[in-house]
Amino acid sequence: MARVESSGDGARLVSWPPQRYERRRQTWYYSACLTITVHTVPFAPRFRVHVSTQVRRWATRLDVRPHQLGGATVLLDAPLPWPEGPDRGHRLMVNTLGYDRRSKELAWRRHSPAPLVPELDIVRNYPRPEALFSDPERWINGPGDVAAGIVYHPSIGPHEVGPGLMPRERADLDAWVEEGLRPLLTRVPDLTRVSRSNTPSLLPRSGAGRVPGVRDAQLALQRRAALTRALHGRPLEIDVFWQSPETPAALLAELPKLIGLPAGQQVSSADGETWQWQCEGVDIRVRARPAGPLADALPTTRARGGLRAVRLAEAIEGRCGLVADRADPLLGGAGVVITEIAGKERFAAVPDSDPKHALRIAWARQGRLTQFVNSPDDTDSALEHRAKWTWLDVFRQLGAISPPAHRVGAGIPGNLQYVALWLVRHTRKGPTRCRVHRLVAVRVRPGDGPGVVEGWDAERAEWVPYPELLLLLSQVREPAASGGKETGTGKLVDDSAARGGSRPAARPGVEQDRQRETERQIRTLLFQLRDRPTLLLADAGNLRQCWPGLRNGALDRDTLGFGAEPAQRHTLYGHDLRVLLVRDANARGEVAEWYAHDTEDGVGFAEGVWGTADTEGRVFASTASKPHTVAKLPKGLMKLAPTAQGRIAPGKTAWNPGQLEITVLGCLSEKALTGSGRAGDPPDRPAEWATLAHQLRYHDDYPPLARPLPLHWARLAGEYVLPVAGTKSAGSTSSAS
């Protein structure tokens, strides 16, 4: 039997009562869950209904203390006070259970309906928060006519039921939904392959007939060449601040392997703290020291009154002082600091005590990039694996990386440059409790050789090396303020009033000002890119808030719209400009789930670029392969209806590669060429440009990425956008952009 669960994003259908899975002498509960949402599609006049399928897991025990429960979703199954209504017996009521710091006890929160009618009748009552917290399993089984299930989240402990559904189960549920909705709604036609070139020129993995270690050696040479290019002859100075001695040992062992430093080239100091490698233009110096108080929790106060952002800024300034005392002068080289810190769960009990962002700000002021590695006690992954990924991200921050050569064909210009836009948006709940909107732009020119990654400096209106962009992004600050809470108008209100009263309204025109400034920066960027063919990549879900012209209802082929002005030909912004938009599910089901099937009723997954038979189609689907690190599962496993051969199927994790929607908004179509006076030139094939964006999701050092590489790097650059509120100790500061 199924029950309806209403949500702000749509509706859900949940199988109820939950199914049982016996494991480790305990019963674990789970349900099938169908989420139904309504969305628009680029260039399409009609809306679409997306039905996604998941496993909804229920908590049977909570491995947290009451004061650590910030908010857990609870679904109540109880008779409604109006038994003759249309929803009788078919709906689950959504509530939120959490710790109330004012009353210092568990309570229903966020306008939960349970407290409104706490008593069903003279006999039956809704579960009390403390009773539900102490024995969730009892309420899942429903004493009497009332049942309740706490929706599982990893923060409350382990669960033996794995997430996700198998492809065959998705197909069966899809057929069931299609049959139930016919003829009111019909399923969208299946997509077909538009290209057989799924991946760029990647190095082949080890296998039959290949000499072991050859691929690793080739990768090391590629990384070292890119690093040499990015450093421009400067030495690379790396400081490692550790809390456990095995961490620097693993880092020092992994570095030579990743960039192919010959054995015997390492020189260590007498004190055992400094190591140096010099090889073929690469000069790397590593110094390892105990982290000491640098990695301690921030000493944030819980005092009432005053801006929370200002209190956090004062703690950040204190940590910056400690860093300044420990920092050595950076003498003409590139500087990177690797710090071992505890996992974020260690700091969850005290808000704003995680030192990660403070250390990133502090070291950026010293001209150094930062990378972090978790202590061995706070992660399940192997230390060697974490050391490898630490170095790979260091190379990325240095700009020592480049996309592999594509295998699309001659339709792509040889001197093409990639430009990616990403909008960083922080609210008062952001990492430094400060609001900020910042446009990040990254440019990659593969034709200029490896290691040519740049970022846009809006202040100087010029392109700068990627590591310099990161350091510049860290300098964003907020105006100085003291006491009270800041509203959208820049004024301050009393802190107690903001806690208990309604939210301060934003000033009319603030969003319009942000929109105009973002669009102005994008136009300036496009003007700077007219010297060569350019592929502009943007994530529609990320950027459309400040560029409304990217909303589906505003899209028109081969045009760009800004502000209230009529949309214009995209070639007016660049003679050889192409514009591609990507979109994922965006945590709202904006892109439909998928599975692949063949003519013999085989169901599974397949990588590639997919589209419709329409020759004018501009909207494509990109599906990547499963990473080689994901375990293969036997075919035929069913989690919702386990067979005798698959009794352990509910415990398996079903991994479903997400679909990336690619929209070729602007290309040199016949219409675009005619409008720009080049009617005789051969037109673009939109499928080729979608294939190029798909291939940009692949790199030898990464599993298939969620977005094309330039967009991936632009998004990661946003980690350095950490505005700090003005404090008396910090002196005068510049306004945040």
Side-chain angles (χ1 to χ4, degrees), residues 41-44 48 50 167 188-202 403-413 416 418 420 444 446 533 535-541 552 555 557-558 578-586 590-599 602-628 655-669 683-700 702-712:
V41 180
F43 314 127
R48 288 184 180 176
H50 290 173
V188 175
D190 291 347
L191 302 179
T192 58
R193 287 187 185 273
V194 300
S195 172
R196 289 289 175 181
S197 300
N198 291 330
T199 59
S201 298
L202 301 176
H406 69 78
R407 296 192 300 116
V408 177
I412 307 300
L416 180 71
Y418 308 122
V444 185
L535 172 59
L536 182 69
L537 294 162
D539 188 304
N552 286 339
L555 295 181
R557 293 175 177 84
D558 302 326
R578 281 84 170 178
V579 182
L580 265 64
L581 305 180
V582 301
R583 182 171 64 148
D584 58 14
N586 201 21
E590 291 190 26
V591 175
E593 289 185 335
W594 67 282
Y595 59 90
H597 66 89
D598 56 25
T599 57
V603 176
F605 298 127
E607 65 176 320
V609 186
W610 313 82
T612 62
D614 182 8
T615 57
E616 296 296 324
R618 295 288 191 93
V619 183
F620 302 87
S622 165
T623 59
S625 61
K626 294 174 64 173
H628 67 280
W655 193 84
N656 183 28
Q659 178 193 152
L660 184 69
E661 181 187 86
I662 301 175
T663 300
V664 183
L665 177 60
C667 66
L668 300 186
S669 62
D684 287 342
R685 294 185 62 245
E688 290 186 334
W689 290 93
T691 301
L692 176 60
H694 168 79
Q695 292 189 11
L696 283 171
R697 297 178 62 185
Y698 291 83
H699 192 277
D700 284 307
Y702 301 142
L705 297 171
R707 299 176 181 85
L709 277 161
L711 263 176
H712 177 73

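None of these values were measured; they are calculated from a predicted model.
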Test your reading of the model: is there a side-chain donor-acceptor pair from [X] to the backbone of [Y], 3.5 Å cut-off?
X	Y	result
Ser625	Glu607	no
Asp539	Gly541	yes
Thr663	Leu665	no
His712	Ala706	no
Ser201	Pro404	no
Trp594	Pro657	yes
Arg697	Leu660	no
Gln659	Ala592	yes

Results of side-chain contact (heavy atoms from CB on, under 4.5 Å) for Val408 - residues two or more places apart only: His406, Ile412, Glu688, Thr691, Leu692, Gln695
Locate the shortest heavy-atom distance separating [X] from [Y]; write the atom from each residue and the value.
X	Y	value
Phe620	Ala690	CD1-CB, 3.5 Å
Leu555	Pro42	CD1-CB, 3.8 Å
Pro403	His699	CA-CD2, 4.5 Å
Ala693	Ile662	CB-CD1, 3.9 Å
Val619	Phe43	CG2-CD1, 4.0 Å
Tyr698	Leu709	O-CD1, 3.5 Å

Listed partners of Ser669 passing side chain to side chain donor-acceptor pair (under 3.5 Å), at least two apart: Asp558
pair Trp610-Thr623: side-chain heavy atoms closer than 4.5 Å: yes
Hey, could you give me the [atom1]/[atom2] distance between [X] and [Y], rounded to the nearest 0.5 Å?
X	Y	atom1	atom2	answer
Leu580	Trp689	CG	CH2	8.0 Å
Leu537	Tyr418	CG	OH	9.0 Å
Asp684	Leu668	CG	CG	4.5 Å
Asn198	Arg407	CG	CZ	8.0 Å
Leu191	Thr612	CG	OG1	7.5 Å
Leu416	Arg578	CG	CZ	7.5 Å

Exceeds 12 heavy-atom contacts within 6.0 angstrom, atom CZ of Arg193: yes
